[in-house]
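Input: a single structure, listed below in structure tokens.
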Amino acid sequence: MKINGPNHTNFNPYKKQIQKQSGMKEIQSQKDKIEISHQAKRMQSSEKADPARQKLVNDIKMEVDAGNYQKDAKSTAEKMLDFWTNKS
């Protein structure tokens, strides 16, 4: 049976699917991007090592490399206890 109506000549049952596929292509063409705020950039630049702290770290590294570094277990344990008990 053939139906010939005035509006049936331009009827495409797959039109929504075609539009959906073209919309997906637009979404897929978008790229991810990242923006770093000015505040974060300032924080990164302010993280430069303090010269006094850097000297201390270098001195400890030299002692460790030379095999002369002595650690005080009791002092370390006390500092750990102080840190964890004063956190609450």
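With sequence neighbours excluded, the residues that form a side chain to side chain contact (heavy atoms under 4.5 Å, CB included) with Thr76 are Met80. Applying the salt bridge (Lys or Arg N to Asp or Glu O under 4.0 Å) test to Lys55 and every residue at least two apart in sequence or in another chain returns Asp59. For Asp50, the side chain to side chain contact (heavy atoms under 4.5 Å, CB included) partners at least two apart in sequence or on another chain are Ala52, Arg53. Shown here are the salt bridge (Lys or Arg N to Asp or Glu O under 4.0 Å) partners of Lys41, two or more places apart in sequence or in another chain: there are none. Under the side chain to side chain contact (heavy atoms under 4.5 Å, CB included) criterion, Asp72 pairs with Lys74, Ser75, sequence neighbours left out. Contacts of Asn58 classified as side chain to side chain donor-acceptor pair (under 3.5 Å), with partners at least two apart in sequence or in another chain: Gln54. Not counting sequence neighbours, Lys61 has no partner by the side chain to side chain donor-acceptor pair (under 3.5 Å) test.
Cluster note: Leu56 groups with Ile60, Val64, Tyr69 through ILVMFWY side-chain heavy atoms spaced under 4.5 Å, whether in direct contact or through intervening members. Within the hydrophobic cluster formed by Ile, Leu, Val, Met, Phe, Trp and Tyr side chains joined at under 4.5 Å, directly or through other members, Ile36 stands alone, with no partner residue. Other members of a hydrophobic cluster containing Met62 are absent, since no ILVMFWY side chain comes under 4.5 Å of it, directly or through relayed contacts.
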